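Small disclaimer: the values here were computed from a predicted structure and weren't measured.
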Amino acid sequence: MQMLKPFIQKDCTLSNRIVCSPMCMYSAEADGKATDWHFVHYGARAVGQVGLVMLEATAVESRGRISTKDLGIWNDEQIEGLKRIVQFGHQQGVKMAIQLAHAGRKAMVDEPIISSSPIPFRHEDPIPVEMSHTDIQEVITAFQAAGKRAKEARFDIVELHAAHGYLIHQFLSPLSNQRTDEYGGSFENRIQLLKQIIHAVQKTWGREKPLYVRISATDYHPEGWQLEDSIQLAKQMKTWGVDLVDVSSGGAIPQPPSAVYPGYQVPFADAIKQQAEIATGAVGLITKPEQAEEILGNQRADLVFIGRELLRDPYWVLRAVQKTEQEYHEPRQYLRAFR
């Protein structure tokens, strides 16, 4: 099976090409610390033998949480709970990743809401404060410190969340960025925050370890971010040292895509992979092994990120292998169920 082929980048080897996609659990303690829920949830997917378990959007600042129940990585006290999850995943032979995030204007916390420009996500939402240069530097520093903590927690891969209308995407998209300084206007200006965050994280996370970036390939709006912008950005990110682009879409505005169907985002990952010549991850309503095999076999992406289907079935990979003649390393405790 294509999905059982190892994937090697830098110092990290995934045993297979299936990734547990980052999905918010909204189950953290008020101080952003991981709970037993996170340990069991992520541990079950590791037992299920995905190649990589990626933890949910984890806030680099308290004010950058999507909700007050989000995981956080803005102080050292949060490291221990994350490290416990990582250690268990490693015991199962699974690599572990964390998605570093800042919600910007989509934050729902009792703290000042910040964004690239004073434009709310919805008309009824609070108007965010346009970030000053001091605010921007604080956020960059927060991402840099989060990279250090992710390394201390022994994660194998870090992913930066630059998609779904959150803070970095708010700078990328002209729909939310109407600045007139060096962070707004032209494409080159709008990508500056992401570029500076990438370089800052590399200083603490290290260039020897894989760094991924999740982007929204398109805003689904004629005046917004387009696939062509994503291809151009991916070319730039390759020169900056990014190892893989995790390709999603939408989220900059409340309106959803006009059509959503199995694999609807795969063409974006395919186009970015081929035209930017960078590794990509495909995500979005991928539920069947046959879909994953087609994507990987036709080299439309290098990894397949699976979300909701792994919520329904943590043992998706083991069940897929069970239907074939191929040998695989099931957890010894579960051999009686899969042999």
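Under a 4.0 Å N-O distance rule, the pair Lys273/Asp302 qualifies as a salt bridge. Lys151 and Glu208 are joined by a salt bridge, as a carboxylate oxygen and a charged side-chain nitrogen come within less than 4.0 angstrom of each other.
In this structure Trp225 satisfies the ring-ring contact (aromatic ring centres under 6.0 Å, His included) test together with Phe187, sequence neighbours excluded.
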Query - Evaluation steps, side-chain contact (heavy atoms from CB on, under 4.5 Å), between Ile66 and Tyr166 - result: CA-CA 9 Å; Ile66 303 167; Tyr166 297 123; 3.5 Å; yes
Requested in this report: List the steps and the verdict of salt bridge (charged side-chain N to carboxylate O under 4.0 Å, His left out) for Arg149 and Asp76.
Outcome: CA-CA 7 Å; Arg149 295 187 183 105; Asp76 291 346; 2.8 Å; yes
Requested in this report: Would you sort out whether Ser249 and Gln265 count as a side chain to side chain donor-acceptor pair (under 3.5 Å), showing the intermediate values?
Outcome: CA-CA 7 Å; Ser249 66; Gln265 294 175 149; 2.6 Å; yes
Query raised in the report: For Tyr315 and Gln322, what are the C-alpha separation, side-chain angles and deciding distance, and is it a side chain to side chain donor-acceptor pair (under 3.5 Å)?
Result: CA-CA 10 Å; Tyr315 312 113; Gln322 190 180 29; over 6 Å; no
Report task. Run the numbers on Gln87 and Arg154 for side-chain contact (heavy atoms from CB on, under 4.5 Å), then give the verdict. Result -> CA-CA 8 Å; Gln87 288 175 332; Arg154 302 291 188 267; 5.9 Å; no
Query - Worked check of side chain to side chain donor-acceptor pair (under 3.5 Å) between Tyr220 and Ser258 - result: CA-CA 8 Å; Tyr220 298 108; Ser258 58; over 6 Å; no
Report task. Could you walk me through whether His199 and Gln202 pass the side chain to side chain donor-acceptor pair (under 3.5 Å) test, one step at a time? Result -> CA-CA 5 Å; His199 291 331; Gln202 286 170 330; 3.2 Å; yes
Requested in this report: I would like to know whether Val109 and Asp70 meet side-chain contact (heavy atoms from CB on, under 4.5 Å); could you show each step before the answer?
Outcome: CA-CA 10 Å; Val109 293; Asp70 282 15; over 6 Å; no
Requested in this report: Carefully, step by step, assess Glu61 and Arg63 under the rule salt bridge (charged side-chain N to carboxylate O under 4.0 Å, His left out).
Outcome: CA-CA 5 Å; Glu61 286 190 324; Arg63 64 180 174 178; 2.6 Å; yes
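Side chains of Met54 and Phe305 form a contact here, defined as non-hydrogen atoms less than 4.5 Å apart.
In summary, of the residues considered (Ile198, Leu172, Asp229), a side chain to side chain contact (heavy atoms under 4.5 Å, CB included) with Ile191 occurs for Leu172 alone. Tested against Asp156 for a side-chain hydrogen bond (donor to acceptor under 3.5 Å, both in side chains), the candidates His90, Gln9, Lys209 yield a single pass: His90.
Between His164 and His161, the ring-plane angle classifies as perpendicular under the 30° and 60° cut-offs. The aromatic rings of His41 and Trp37 lie parallel to each other, with less than 30° between the two planes, well short of the 60° mark.
In this structure, Gln299 places its CD atom where only 12 or fewer heavy-atom neighbours from other residues, nucleotides or ligands lie under 6.0 Å away. The 12-atom threshold is exceeded at NZ of Lys10, counting heavy atoms of other residues, nucleotides or ligands nearer than 6.0 Å. Within a 6.0 Å radius of CD in Glu152, other residues, nucleotides and ligands contribute more than 12 heavy atoms. The number of heavy-atom neighbours closer than 6.0 Å to CZ of Arg312, taken from other residues, nucleotides and ligands shown, is above 12. Within 6.0 Å of CG in Asp110 there are 12 or fewer heavy atoms belonging to other residues, nucleotides or ligands.
Taking both residues in full, the closest heavy atoms of Phe143 and Val201 are given as O-CG2, 3.5 Å, listed atom of the first, atom of the second, then distance.
The closest side-chain donor-acceptor pair between Gln49 and Tyr334, if any, does not fall under 3.5 angstrom. Looking only at atom types and distance, the side chain of Glu293 has no donor-acceptor partner in the side chain of Gln2 under 3.5 Å away.
Under the 3.5 Å distance criterion, the side-chain polar atoms of Arg65 are matched with a main-chain donor or acceptor of Ser62. With Thr58 contributing its side chain and Ile73 its backbone, the two residues share no donor-acceptor pair below 3.5 Å. Here the side chain of Ser116 pairs a donor or acceptor atom with the backbone of Ser176 at under 3.5 angstrom. Side chain of Gln236 to backbone of Gln232: no donor-acceptor contact under 3.5 angstrom is found. Between the side chain of Trp205 and the backbone N or O of Pro210, at least one donor-acceptor pair lies under 3.5 Å. Within the 3.5 Å criterion, the main-chain N or O of Val304 finds no donor-acceptor partner in the side chain of Arg17. Although no hydrogens or angles enter the test, the distance criterion places a donor-acceptor pair under 3.5 Å between the side chain of Gln78 and the main chain of Asn75. A distance-only check finds no donor-acceptor pair linking the side chain of Asn177 to the backbone of Gln170 [under 3.5 Å].
Applying the side chain to side chain donor-acceptor pair (under 3.5 Å) rule to pairs touching residues 20-33 yields Ser21-Arg214, sequence neighbours excluded.
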